[in-house]
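Take a look at the structure set out below.
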There are 2 protein chains.
Amino acid sequence: MPADKNIELTISDRHASAPPKAAKKILDVAYDLFYRRGIRAIGVDEIVKRAGVTKPSLYRSFPSKDELAASYLRQYDREYWERFDEAVAAHPGDPRAQIIALLTRVGKRTQKPDYRGCGMTNAAVEYPERGHPARVVSEDNKQELRRRLRAMAAAMGAQDPDTLGDGLLLLIEGAYISGQLFGLGGPAQSVARNADLLIEASLKK
Amino acid sequence: MPADKNIELTISDRHASAPPKAAKKILDVAYDLFYRRGIRAIGVDEIVKRAGVTKPSLYRSFPSKDELAASYLRQYDREYWERFDEAVAAHPGDPRAQIIALLTRVGKRTQKPDYRGCGMTNAAVEYPERGHPARVVSEDNKQELRRRLRAMAAAMGAQDPDTLGDGLLLLIEGAYISGQLFGLGGPAQSVARNADLLIEASLKK
DNA sequence: ATGTATACGTACCGATCGGTAACATTGTCA
DNA sequence: TGACAATGTTACCGATCGGTACGTATACAT
């Protein structure tokens with residue numbers, strides 16, 4: 001279930017009704033294409049064609065393709081933390097169970113046939129140049145992920161919370177990547193089990 | 001120290017001397033540009049310009065840009081296993097020490113200022129379509145990595161060698177990716193420490 | 001010197017890239 | 001009805017994409 005809330009705060013919050021419809025269709029289509037096939041691989045022509053709109057419509061709502069990509073990632077970011085918070089909320093006050101729930105879900109997603117990894121991670125690989133609009137969003141997302149994982153490791157009572165938090169991040173990123181590299185039956189299916197072992201070895205005795 | 005052995009078996013092994021010099025320059029330049037800035041981001045025009053040759057020269061030695069990218073990855077593959085075997089050879093008969101040596105080096109490389117991750121991983125992200133020449137090389141490389149890590153986990157006497165091998169792979173891939181995402185001081189610097197903890201927790205007691 | 005093979009360069013191809021100018025059409029609310 | 005905003009239409013821009021037709025330079029063997 002993709003992009004169904006507001007498009008961009010600056011667009012939808014004008015006077016509480018009837019934001020441009022074209023912008024939403026464009027962003028929905030761009031979201032799907034960028035995620036599945038990559039940002040560089042998709043041209044604006046294909047986006048407008050599949051969205052049933054024209055190019056000027058795209059450039060009225062988004063200043064450039066790069067900014068459209070950044071908008072796609074901001075949308076991805078919202079849904080990312082929704083999923084995150086959902087797993088956390090399922091085990092209130094139990095950070096270890098939260099992590100395991102989170103990683104179990106990630107592991108399951110990576111085993112779906114056409115899994116394509118994390119949109120954030122992929123975008124950062126596609127745009128190595130510092131300061132690129134898409135990369136900025138991606139880096140912010142990862143910084144926040146690191147912050148949360150370290151905080152959760154501390155709440156678990158790890159001997160070295162920063163090391164455990166970073167170790168969990170490495171496992172997660174490894175799952176994102178190897179999920180799209182190996183497909184079904186790949187190493188990503190064991191991410192939760194390995195995280196559990198790592199946590200066990202990292203707690204104060 | 002880049003690409004200084006043979007270019008392509010099919011080129012250099014013609015009659016044991018004087019293979020086209022242009023092909024080597026092209027592959028060297030392509031290697032550098034593809035790795036640092038991405039394959040899709042680099043056009044053939046830039047490659048031939050920086051190599052000081054012309055486009056027809058490129059297409060006499062390589063049937064297409066995609067195949068040039070595949071050649072780049074085959075070269076990367078050779079150097080990859082050279083580094084791997086080097087770390088292994090430093091600790092004969094001690095798989096755990098081999099892994100730690102390996103991951104210590106990976107962790108160090110990820111902390112270099114302009115670290116750009118694993119060329120194989122990056123190529124697979126850039127080319128999600130199955131069967132793409134570049135992706136095929138990348139997938140083969142990863143399969144082999146998984147095979148070796150599982151074998152080493154078994155040699156260590158892990159309770160569940162496949163799970164430990166896969167866990168190590170997840171940590172390694174996580175290090176490749178987060179190395180280029182976070183730069184200096186990122187989570188990748190702790191990959192060896194986390195691997196050691198994971199190994200400790202995975203051995204038979 | 002002349003044939004033959006190989007490597008290289010000039011110049012070009014059609015397609016697509018991201019992006020825009022100018023204008024016509026629609027729907028909505030006053 | 002009039003005004004305005006959103007969208008559509010058509011046609012175009014210069015740049016770059018991957019790739020090639022075709023002539024030329026060099027080397028070596030006869």
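To find a chain, count down the sequence lines: A is the first, B the second, and so on, and within it residues start at 1.
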Estimated bend of the helix from C/dA1-D/dT30 to C/dA30-D/dT1 (axis per five terminal pairs, rounded to 10 degrees):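 About 10°, once rounded to a multiple of 10°.
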
If we check side-chain contact (heavy atoms from CB on, under 4.5 Å) with B/V137, which of these qualifies: B/K142, B/Q75, B/R74?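 Single pass found, and it is B/R74.
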
Quick one: does any side-chain atom of B/S138 pair with a main-chain N or O of B/A134 as donor and acceptor, under 3.5 Å?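 Checking the backbone N and O of B/A134 against the side chain of B/S138, no donor-acceptor pair under 3.5 Å is found.
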
Quick one: does any side-chain atom of B/E126 pair with a main-chain N or O of B/I39 as donor and acceptor, under 3.5 Å?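 Side chain of B/E126 to backbone of B/I39: a pair is present.
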
Between atom [atom1] in [X] and atom [atom2] in [N], what is the gap in whole Å?
{"X": "A/E46", "N": "D/dC17", "atom1": "CD", "atom2": "P", "value": "19 Å"}
{"X": "A/F62", "N": "C/dT20", "atom1": "CZ", "atom2": "P", "value": "15 Å"}
{"X": "B/K24", "N": "C/dC8", "atom1": "NZ", "atom2": "C1'", "value": "19 Å"}
{"X": "B/L58", "N": "C/dG9", "atom1": "CG", "atom2": "C1'", "value": "14 Å"}
{"X": "B/I47", "N": "D/dC17", "atom1": "CD1", "atom2": "P", "value": "10 Å"}
{"X": "A/R40", "N": "D/dT16", "atom1": "CZ", "atom2": "P", "value": "14 Å"}

For B/R147, which residues count as a salt bridge (Lys or Arg N to Asp or Glu O under 4.0 Å) partner, sequence neighbours excluded?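 Expected list: B/E144.
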
What side-chain donor-acceptor pairs closer than 3.5 Å can you find for residues 106-113 of chain A, not counting sequence neighbours?
residue: A/T110; atom: OG1; partner: A/G107; partner atom: O; Å: 2.6
residue: A/Q111; atom: OE1; partner: A/G185; partner atom: N; Å: 2.8

At a cut-off of 3.5 Å, list every protein nitrogen or oxygen paired with a nitrogen or oxygen from nucleotides 19-25 of chain D, distance to 0.1 Å.
residue: D/dG19; atom: OP2; partner: B/Y59; partner atom: OH; Å: 2.7
residue: D/dG19; atom: OP2; partner: B/K65; partner atom: N; Å: 2.9
residue: D/dG19; atom: N7; partner: B/K55; partner atom: NZ; Å: 3.2
residue: D/dG19; atom: O6; partner: B/K55; partner atom: NZ; Å: 2.2

Can you find a side chain N or O atom of A/T54 that sits less than 4.0 Å from OP1 or OP2 on D/dT9?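 No, A/T54 has no side-chain N/O under 4.0 Å of OP1/OP2 on D/dT9.
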
Can you list every ring-ring contact (aromatic ring centres under 6.0 Å, His included) pair that touches residues 86-128 of chain B, not counting sequence neighbours?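 Pairs touching residues 86-128 of chain B that pass the test: B/Y127-B/H132.
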
For B/D196, enumerate each residue passing the side chain to side chain donor-acceptor pair (under 3.5 Å) test, keeping only those at least two apart in sequence or located in another chain.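 Here the qualifying residues are B/R96.
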
Work out which heavy atom in A/P128 is nearest to a heavy atom in B/R37; give both atom names and the distance.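 In this case the closest contact between A/P128 and B/R37 is CG-O, 3.8 Å.
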
Mind checking if B/L68 touches a base, just sugar-phosphate, or nothing, with heavy atoms under 4.0 Å?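 No contact at all - B/L68 keeps every heavy atom at 4.0 Å or more from the nucleic acid.
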
